[in-house]
Amino acid sequence: MPRTRPPYPPQFRREAVQLLRSGVALRQVAADLGVSEQTLRNWRRQEDVDAGRAEGLTSDEREELRSLRRQVRRLEQEREILKKAATFFARETDRR
């Protein structure tokens with residue numbers, strides 16, 4: 001299983017994108033910072049979305065969506081547990 005790296009700090013990402021916007025070649029910035037070219041493209045695209053220059057979900061919206069999906073998953077699990085418990089207790093009361 002490949003090891004994943006912790007996410008880069010937001011300040012590091014901003015500075016990397018600023019380098020790209022200042023005219024430094026993508027390949028050069030990637031090599032200097034030890035980041036893949038695709039990662040830099042993703043950061044630049046996300047910054048454009050966050051600034052309103054491109055279509056898509058902003059970082060805040062993505063985080064909210066991720067949080068809501070987690071909450072839905074938890075609530076679905078809780079509902080399943082309650083359904084099983086209700087079935088169990090219904091059977092117990094029918095036996096008496």
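In what follows, residues are counted from 1 in the order of the sequence shown.
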Starting at [atom1] of [X], measure out to [atom2] of [Y] and round the result to the nearest 0.5 Å.
X	Y	atom1	atom2	value
Gln28	Leu33	CD	CG	9.5 Å
Thr39	Tyr8	OG1	OH	6.5 Å
Ile81	Phe88	CD1	CZ	14.5 Å
Leu75	Arg70	CG	CZ	13.0 Å
Leu65	Asp60	CG	CG	12.5 Å
Gln18	Leu20	CD	CG	10.0 Å

Restricting to non-hydrogen atoms, name the atom on [X] and the atom on [Y] that form the minimum distance, rounded to 0.1 Å.
X	Y	answer
Ala16	Val29	O-CG1, 4.2 Å
Ser36	Ala30	C-CB, 4.2 Å
Val35	Leu40	CG1-CG, 4.2 Å

Would the distance check show the side chain of [X] and the main-chain N or O of [Y] forming a donor-acceptor pair, the cut-off being under 3.5 Å?
X	Y	result
Arg13	Trp43	no
Glu37	Ala31	no
Glu61	Thr58	yes

Report summary line: Hits for side chain to side chain contact (heavy atoms under 4.5 Å, CB included) against Arg21, two or more places apart or cross-chain, chain-then-number order -> Val17, Arg44, Glu47, Asp48, Arg53
Report task. Could I get the full list of side chain to side chain donor-acceptor pair (under 3.5 Å) partners for Ser67, not counting sequence neighbours? Result -> none
Query raised in the report: Does the side chain of Gln46 pick up a donor-acceptor pair with the side chain of Asn42 at under 3.5 Å?
Result: no
Do [X] and [Y] have side chains that get closer than 4.5 Å, going by heavy atoms?
X	Y	value
Arg66	Arg62	yes
Val49	Leu57	no
Gln11	Glu15	yes

**Report entry** SB check Lys83 Glu80 (cutoff 4.0 Å)
**Finding:** yes
**Report entry** Verdict with supporting geometry, Arg74 and Gln71, side-chain hydrogen bond (donor to acceptor under 3.5 Å, both in side chains)
**Finding:** CA-CA 5 Å; Arg74 192 189 83 240; Gln71 184 178 2; 5.9 Å; no
